[in-house]
Amino acid sequence: MRASQLFFKTSKEKPSDATAISHVLLIRGGFISQLTSGIYNFLPLGFRVLKKIWRIIEEEMDRTGAQELLMPALHPKELWEITGRWDLMDDIMFKLQDRSGRWHVLGTTHEEIITWIVSQWVRSWRDLPVALYQIQVKFRDEPRPRGGLLRGREFIMKDLYSFHTSWEDLNEYYDKVHRAYLRCFKRMGLEVYAVEAHSGAIGGDVSHEFMLISESGEDKFLKCDSCGYIASMEIASVHPPKELPTYKGEPESLKKVHTPGFTSVEDLVKFLGKTSKDFIKTMLYKYRGSEDEDYHYVIVLVRGDKEVNEIKLSKFLGSSSLEMASPEDFQRLGLVLGYIGPVGLDLSDIKVIADYSIATVRDGVVGANERDYHLVGVNPENIKVDSWADISNASEGDPCPKCGSPMKVYPSIELGHIFKLGTKYSEAMKAYFTDRDGKSKPIIMGCYGIGVTRLISAVVEQYHDEDGIIWPITVAPYEVLILTVNARDENQRKVSEDLYKKLQGEGIEVLWDDRDETPGVKFKDADLIGIPVRVVIGSKLKEGKVEVSLRRDREKIFVPVEEGVSKVKELVKSLKKELEV
RNA sequence: CGGGGCGUAGCUCAGCUUGGUUAGAGCGCGUGCCUUGGGAGCACGAGGUCAGCGGUUCAAAUCCGCUCGCCCCGACCA
């Protein structure tokens with residue numbers, strides 16, 4: 001493509017409404033433009049990048065044995081009512097009526113549709129397993145779109161769904177997709193971590209998020225830099241302390257302090273001049289083992305900067321119905337809401353569970369079990385603890401469960417998420433199959449997403465410098481840029497055009513900047529747009545040479561004109577080889 | 001949904017506090033000259049519903065009210 005013909009325009013100015021670096025560079029480089037909040041146009045350059053990413057994902061999904069199809073973006077209300085998600089997802093759905101008043105929705109995801117399709121076709125265990133995917137536009141009326149393509153209201157997603165006769169078969173395929181995802185990201189040059197995550201409302205026992213470390217990200221995960229352990233904040237466990245404090249009684253030195261009206265750690269931090277890590281938060285929970293059991297109460301202690309992780313706590317208690325105690329519960333037990341504390345508290349059958357995080361608190365603050373008073377000077381040895389456990393959200397600096405080294409919190413962008421769905425949708429949509437034993441069973445499902453348009457931003461987040469984008473060759477809009485310094489110089493033009501045609505003949509994607517602009521403009525644009533290989537046809541032509549360089553290091557080499565084609569071919573080949581998996 | 005910011009030329013912004021010529025600059029755009037290895041120079045020119053609606057006033061980009069749009073922080077996020 002000749003730049004003089006290409007529909008693009010770069011900008012020197014940082015757009016006023018962009019803050020994420022990828023957003024700024026994609027707008028400035030003329031890859032995308034905004035139509036309205038969370039909705040973007042893909043201009044020719046941006047669309048080429050999109051298609052490159054699209055193609056890589058297709059290749060890797062096909063390799064898992066999945067087949068590509070295309071489902072509609074517009075869905076009838078009825079399908080969404082079957083699973084209850086017409087109401088559940090109401091706040092993020094774009095809903096509309098057709099001419100006859102029937103309601104429809106712009107698809108936020110496609111579990112309902114794919115399961116409906118599969119239910120029409122699959123009858124027997126002989127029809128399974130099957131895996132189907134599409135790359136298609138999704139619509140979500142996000143409460144807050146942000147960062148350009150990072151979170152949009154209309155975006156492109158790859159969604160894959162798999163259908164199995166057994167959990168074993170699902171597990172095997174899940175692992176295959178897991179590997180395929182890592183291959184995808186690696187081919188795009190992205191350093192992505194697969195983080196075990198909580199599966200949330202969607203159900204199933206295992207889920208993984210694929211995270212790229214980035215300051216522009218909205219998510220966070222924990223990583224141990226020494227042993228490589230990684231996990232999401234909710235799921236990460238922590239190493240127990242080497243030694244747990246034992247109860248030694250309550251010393252005289254405990255001081256009661258008047259704290260009128262201050263019940264939150266935040267308020268007390270200011271009032272007492274302490275940090276939140278000096279506090280031991282005391283929480284009252286109630287739970288029961290099963291429906292017909294009575295509620296048990298439990299006192300939970302976590303450090304002031306921590307939050308109780310109810311998933312971990314439920315697991316520890318062996319309960320599925322955990323909830324915080326109500327003000328009425330406090331009254332019944334004779335406890336003072338906002339001022340409870342574990343020191344001297346003796347509630348016969350209520351157990352005290354202490355989070356590992358409080359083991360190291362020294363000279364701490366706790367509630368005094370008396371309105372408007374707290375105790376200071378408390379150490380864990382002064383508290384009667386029934387059990388020690390890991391029941392809070394892990395955070396920066398916590399000891400790694402595997403090696404004990406302090407873990408770090410990394411801001412990140414979620415590029416993919418895979419789930420073991422089980423039978424939630426197949427049961428709802430009546431997608432059953434007849435098994436070998438002649439019995440009808442719900443199909444066991446998995447679902448696997450990749451944010452395709454988000455990936456464009458993610459690549460830019462990882463690959464840029466102060467002058468612009470540095471595309472990895474596998475996703476670059478063009479592989480090679482030919483920059484003709486003086487487009488009016490007959491000789492430069494002739495040599496450029498010759499090289500342009502020869503490279504194209506070799507199957508290389510070339511952008512030829514043949515514009516009649518000053519050299520400065522063309523060099524700045526070259527840096528901004530970030531084509532990986534650059535050939536400059538300029539003054540060195542008098543010596544019969546052209547300049548070749550890579551965008552990433554800009555180290556120039558000069559080669560004789562007649563060696564231009566082979567040198568460029570060689571560079572393109574080696575750049576591609578670096579990203580092979 | 002809570003908090004904050006912004007809306008004036010294609011873009012980035014001044015002007016608004018204290019109302020008063022024909023609303024400005026830089027970049028970009030057009031024409032001509034000049035220039036061709038890092039966003040050059042000179043000259044001329046085009047380009048505006050000052051987000052919209054209403055109010056106050058002799059007079060509103062400027063003051064007041066409402067509405068709309070966009071961004072950021074938080075909450076939320078299969």
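Each chain gets a letter, A, B and so on, in the order the sequences are listed, and its residues count up from 1.
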Rounded [atom1] spacing from [N] to [M] in Å:
N: B:G74; M: B:C64; atom1: P; answer: 31 Å
N: B:C33; M: B:G39; atom1: P; answer: 24 Å
N: B:C77; M: B:A14; atom1: C1'; answer: 40 Å
N: B:U22; M: B:G32; atom1: C1'; answer: 28 Å
N: B:U18; M: B:U62; atom1: P; answer: 14 Å

Using a cut-off of strictly less than 4.0 Å, decide whether [X] has a side-chain nitrogen or oxygen near OP1 or OP2 of [N].
X: A:Ser37; N: B:C71; result: yes
X: A:Gln492; N: B:U36; result: no
X: A:Thr36; N: B:C70; result: yes
X: A:Arg144; N: B:C73; result: yes
X: A:Arg146; N: B:C72; result: no

Report all interatomic pairs (protein N or O, nucleotide N or O of nucleotides 29-32 of chain B) with separations under 3.5 Å.
none

Do A:Lys501 and A:Glu497 sit within salt-bridge range, that is, some charged N less than 4.0 Å from a carboxylate O?
yes
Would you mind building the protein contact string for nucleotides 5-15 of chain B? One character per nucleotide, 5' to 3', B for base within reach (heavy atoms under 4.0 Å), S for sugar-phosphate only, - for untouched.
------SSS--
Start with the C-alpha gap between A:Trp121 and A:Phe163, add the side-chain angles, then the distance that decides, and say whether ring pair (Phe, Tyr, Trp, His ring centres under 6.0 Å) holds.
CA-CA 12 Å; A:Trp121 289 90; A:Phe163 301 83; over 10 Å; no
Check for me whether A:Lys420 meets the cation-pi criterion with A:Tyr174, that is, NZ or CZ under 6.0 Å from the six-membered ring centre and within 45 degrees of the ring axis.
yes
Check: A:Gly530 main-chain N/O paired with A:Asp527 side-chain donor or acceptor under 3.5 Å:
no
Is there a donor N/O on one and an acceptor N/O on the other, under 3.5 Å, for the side chain of A:Asn486 and the base of B:G37?
no
Listed partners of A:Phe221 passing ring-ring contact (aromatic ring centres under 6.0 Å, His included), at least two apart
A:Tyr193
Let me see the working for A:Trp54 and A:Glu58 under side-chain hydrogen bond (donor to acceptor under 3.5 Å, both in side chains), right down to the final yes or no.
CA-CA 6 Å; A:Trp54 186 303; A:Glu58 281 178 335; 3.0 Å; yes
Quick one, A:Ile413 and A:Asp219 - any side-chain contact, counting heavy atoms below 4.5 Å?
no
